[in-house]
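Below is one structure, written out as structure tokens, with a few remarks after it.
FYI, side chains are in, hydrogens and waters are out, and symmetry mates aren't considered; it's all heavy atoms of this structure.
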Amino acid sequence: MRTGTAVVFSIILLALVTSCGNRYPRVLILTEIGTIEVELYTDKAPVTASNFIRYVEEERFKGATFYRTVTLLNQPDSKVRIQVIQGGLFEDDHPAMLPPIAHETTEETGILHKDGVISMARYGPGSATSEFFICIDDQPELDFDGSRNPDGFGFAAFGKVVRGQDVVEKIHRSPANGQYLQPRIRILEMILK
């Protein structure tokens, strides 16, 4: 199946799943220290949520980890400090990585970077692929027009933790060398509910 056709099929499938149960699809992120459950806002952020679901359905996150914790204490050179944990495939050119997706800003989606919100890591707008992060506390500087990223477009939020925020916080407090977890926290499996 070609990439464009697969994306359209995923969006249609997500619309059907969401309309049938009138609830959002959920993904279980099973880590070696506990489970995090996120609901994905497929109606507000269809491109970003569909991309994440595709990674889960096609088992592209096999071998993924949580590898980064950003705390108030480990960003000495940042004028704008945030608190998040980051996970994904870790490598820039991982063989399971899909092409980058279009950037859905918080201004377009209305999904703000509040405590427990899941969002896509990126370099420039339209460069997000497989790397994601979860907010610890509210992080308005990650929203559209926020000052964490100099381009002002913010990051693409697409869902929220509904269970397991205690696991997120435990990962956030885990030992790290700078911002990189030592050791990384393995993601054992991701399951679409």
Side-chain angles (χ1 to χ4, degrees), residues 1-11 13-14 17-18 24-42 44-70 84-104 109 111 113 116-123 126-136 142 155-172 174 176 179-193:
M1 188 180 295
R2 292 192 307 202
T3 302
T5 306
V7 169
V8 170
F9 178 75
S10 292
I11 290 172
L13 180 64
L14 289 173
V17 167
T18 303
Y24 295 110
R26 293 184 174 192
V27 170
L28 296 176
I29 304 171
L30 286 71
T31 78
E32 62 185 315
I33 63 169
T35 299
I36 303 163
E37 184 173 351
V38 293
E39 65 180 10
L40 306 178
Y41 302 139
T42 52
K44 298 175 185 175
V47 172
T48 312
S50 294
N51 178 68
F52 190 79
I53 289 171
R54 184 174 174 201
Y55 272 90
V56 172
E57 287 183 322
E58 295 179 5
E59 298 182 0
R60 291 177 179 272
F61 281 129
K62 205 167 236 152
T65 60
F66 280 103
Y67 55 83
R68 186 174 177 219
T69 179
V70 184
V84 300
I85 62 168
Q86 185 170 330
L89 299 175
F90 188 69
E91 299 170 32
D92 282 341
D93 295 313
H94 194 283
M97 193 175 289
L98 294 167
I101 57 171
H103 185 63
E104 294 176 306
T109 66
I111 308 167
H113 288 89
V117 162
I118 185 170
S119 188
M120 294 303 292
R122 68 170 178 87
Y123 294 114
S127 66
T129 53
S130 59
E131 308 311 282
F132 60 92
F133 63 88
I134 300 174
C135 295
I136 311 292
L142 299 175
F155 295 83
F158 63 98
K160 184 173 181 11
V161 173
V162 293
R163 187 171 59 89
Q165 187 67 13
D166 58 323
V167 177
V168 171
E169 291 168 7
K170 187 173 180 182
I171 294 169
H172 192 242
S174 293
Q179 294 182 3
Y180 290 91
L181 291 165
Q182 299 291 328
R184 290 188 257 167
I185 308 246
R186 290 180 301 133
I187 296 173
L188 307 175
E189 191 174 5
M190 289 200 192
I191 302 167
L192 180 64
K193 286 179 72 178

Quick one: does [X]'s side chain get under 4.5 Å of [Y]'s, heavy atoms only?
| X | Y | result |
| --- | --- | --- |
| Thr48 | Thr109 | no |
| Tyr55 | Thr129 | yes |
| Leu40 | Phe52 | yes |
| Glu104 | Pro46 | yes |
| Ile53 | Thr42 | yes |

Report task. Under the side chain to side chain contact (heavy atoms under 4.5 Å, CB included) rule, what do Leu28 and Arg163 come out as? Steps first, then yes or no, please. Result -> CA-CA 9 Å; Leu28 296 176; Arg163 187 171 59 89; 3.5 Å; yes
Measure the spacing between [atom1] of [X] and [atom2] of [Y] and express it to the nearest 0.5 Å.
| X | Y | atom1 | atom2 | answer |
| --- | --- | --- | --- | --- |
| Lys160 | Ile134 | NZ | CD1 | 10.5 Å |
| Gln86 | Gln179 | CD | CD | 9.0 Å |
| Ile185 | Thr65 | CD1 | OG1 | 9.0 Å |
| Ile33 | Ser174 | CD1 | OG | 5.0 Å |

Query raised in the report: Should we count NZ of Lys44 as having more than 12 external heavy atoms under 6.0 Å?
Result: yes
Requested in this report: Inspect the surroundings of CZ in Arg26 and state if more than 12 heavy atoms from other residues, nucleotides or ligands are less than 6.0 Å away.
Outcome: yes
Query - Donor on one side chain, acceptor on other, Tyr180 and Gln182, under 3.5 Å - result: no
Requested in this report: Give a yes-or-no answer on whether the side chains of Ser119 and His113 include a donor-acceptor pair shorter than 3.5 Å.
Outcome: yes
**Report entry** Chi angles and distances behind the side chain to side chain contact (heavy atoms under 4.5 Å, CB included) call for Phe132, Phe66
**Finding:** CA-CA 9 Å; Phe132 60 92; Phe66 280 103; 3.7 Å; yes
Requested in this report: Take Ile187 and Ile29 through the test side chain to side chain contact (heavy atoms under 4.5 Å, CB included) and record every step on the way to the result.
Outcome: CA-CA 7 Å; Ile187 296 173; Ile29 304 171; 4.0 Å; yes
**Report entry** Residue pair Asn51, Met120: steps toward the side chain to side chain contact (heavy atoms under 4.5 Å, CB included) verdict
**Finding:** CA-CA 10 Å; Asn51 178 68; Met120 294 303 292; 4.0 Å; yes
Report task. Answer yes when Arg68 and Glu131 have at least one side-chain N-carboxylate O distance shorter than 4.0 Å, and no when they do not. Result -> no
